[in-house]
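Quick notes on the structure that follows.
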Amino acid sequence: MIAGFNHSRHFKDSILMFRDMHSEGFKPDGTSISSVLPAVTGCVEGALKRFKQFKRQGLNLNVVSWTSMIASCSQNGKDMEALELFREMQMEGLKPNSVTIPCLLPACGNIAALMHGKAVHCFSLKNWVSNDVYVGTALIDMYANCGRIQLSRRCFDSMPRRNLVSWNALLGGYAMHGKTKEALEVFNLMQKSGQEPDFISFTSVLSACSQGGLTEEGKFYFDSMSKDYGIEPRLEHYSCMVSLLGRAGRIVEAYTMVKQMPMEPDGCIWGPLLSSCRVHHNLAIGEIAARKLFELEPNNPGNYVLLSNIYASKSMWVEVNSVREMMKSKGLRKNPGCSWIEIKNKVHMLLAGDNLHPQMPEITKKLGELRVEMQKSGYLPHTDFVLQDVEEQDKEEMLCDHSEKLAVALGLLNTSRGFPLQVIKNLRICGDCHAVIKFISEFEDREIFVRDTNRFHHFKDGACSCGDLW
DNA sequence: CTAGGGTTAG
């Protein structure tokens, strides 16, 4: 009955019913709990709290109750909590099954917790659930999100059965890693094996072309999508095309496309247009894009920062200040940069400008030493990117370091030479960090994987897989 | 007695 209410989204009724059941003296079991959980997952925090209460009250939580709690956590940014729940449920003597695993794996991928992900992979092998299509697909995605695209491929190849989602997961993985050639190969292979692509396959194909700078090929696939496959382009596809043209410096062409698209452009269209205007110093179109974005997403600080950067790169300080004033009047601050790194099964979070990490003095010392080495080899800081940070709140950030540098330094300090590092960041990597990490990869002989909001950067022997194009 | 909880892009 409760499940019925929940299904029809009468969440309030299902919670009331749950309460009545209690007062009538019925003890809820795992089934009724898993039915009522989605009703409170409108807010994960609330659901987690309720769940812990149920557990304390000694209610019979079953595999489904635990699984749905894990799913709510990994779908709502509570990745560490999801991992913790997985551990707890096993301590309670419950055995995760082939549904629990694909609920949990995205949590490992989200925070690039490779060791945790590998442990879950081992668990699914030992418990004979690794042949499940959902499990296999979730593994492909997890390894791709942890920077190990070769392992994604190995999982894919070993799957006894695959579906559209499995193909898309691999295709998307290659796209995110900027492996354009491999992505297009997979796209062809999937069709040869009889799997029709869908609109998600095309977002990956287009974004792979964009990452690899294959402008003409991207235009070809975009046209072919509706012509040969009968898939009408959606906002996401136009968004990829704007990035593709913008990256190639063809800003006017990108803007023309935006004006001619059949649906109303939103932030996912104007955003990439503004970014490419920042990269290619196009003030006129940048101002148009920014004005639209200020209407569509007035509280997104990134847009103000981008426009002000365009002004700053042209030394238009009056305009820089007026944008900063707009931000201030809305009470907006630049999103704090934040990075994660997993070291010996523990995930560390580093914030630009905070002193919370106990090893911060060592980190600062290490980065100072690296700066000296870099200067010896002729490196100059990227002033273009320092211009971003002229406002007072950001001066601290200039004095200390961006979070991705802190995370890399922490990794260097706590692992032995030759051990690869991987960092994930909540914003896009800046030019200075990119240059510093390239240097570190050579000087310290480390492979370093950095996942930013856009793609993966694989630093090795002083070069990056993105070919300095991002 | 069973169902229920599931994977991909942006």
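Numbers restart at 1 for each chain; the letters A, B, ... are given by sequence-line order, proteins then strands. No hydrogens, no waters, no symmetry mates; every other heavy atom, side chains included, goes into these values. Since this is a predicted model, take the numbers as computed values, not measurements.
Regarding A:E297, its CD atom lies at a distance of 16 Å from the P atom of B:dG10, rounded to whole Å. Rounded to whole Å, atom C1' of B:dG6 lies 11 Å from atom CG of A:L105. Atom CD in A:Q195 sits about 16 Å away from atom P in B:dT8, given to the nearest Å. Rounded to an integer number of Å, the gap from A:N163 CG to B:dG6 P is 16 Å. Rounded to whole Å, atom P of B:dA9 lies 17 Å from atom CZ of A:F187. Rounding to whole angstrom units, CZ of residue A:R455 and P of B:dG10 are separated by 12 Å. The CG-C1' distance, from A:L139 to B:dT7, rounds to 10 Å in whole Å. At whole-Å resolution of the value, CG in A:D141 and C1' in B:dG10 are 13 Å apart.
Taking the side chain of A:N97 as heavy atoms from C-beta on, and the options B:dG5, B:dT8, B:dG4, the nearest nucleotide is B:dG5. Taking the side chain of A:V64 as heavy atoms from C-beta on, and the options B:dT7, B:dA9, B:dG4, the nearest nucleotide is B:dG4. Of all nucleotides listed (B:dG4, B:dG10, B:dT8), B:dT8 comes nearest to the side chain of A:A169. Which of B:dT7, B:dG6, B:dG4 sits closest to the side chain of A:V165 comes down to B:dT7. With B:dG4, B:dT8, B:dG5 as the choices, the nucleotide that has an atom nearest any side-chain atom of A:N62 turns out to be B:dG4. Closest to the side chain of A:T100, from the set B:dG5, B:dG6, B:dT8, is B:dG5.
With a 6.0 Å cutoff to the six-membered ring centre and a 45° limit on the axis angle, A:R324 does not count as a cation-pi contact of A:Y311.
Counting any heavy atom pair closer than 4.0 Å across all strands shown, A:F199 reaches a base atom. A:C268 comes within 4.0 angstrom of no nucleic acid atom, judged by non-hydrogen atoms across all strands. Residue contacts for A:S98: at a heavy-atom cut-off of 4.0 Å it reaches a base atom on one of the strands shown.
In terms of phosphate contacts, A:Q75 brings no side-chain nitrogen or oxygen within less than 4.0 Å of OP1 or OP2 of B:dG5.
In summary, the side chains of A:E182 and A:H177 do not present any donor paired with an acceptor at a separation below 3.5 Å, with no hydrogens or angles considered. In the model, A:R50 has a side-chain atom that pairs as donor or acceptor with a side-chain atom of A:Q53 under 3.5 Å. Residues A:N76 and A:S72 bring no donor and acceptor atom of their side chains to less than 3.5 Å of each other.
Between A:F202 and A:F222, the distance separating the two ring centers is not shorter than 6.0 angstrom.
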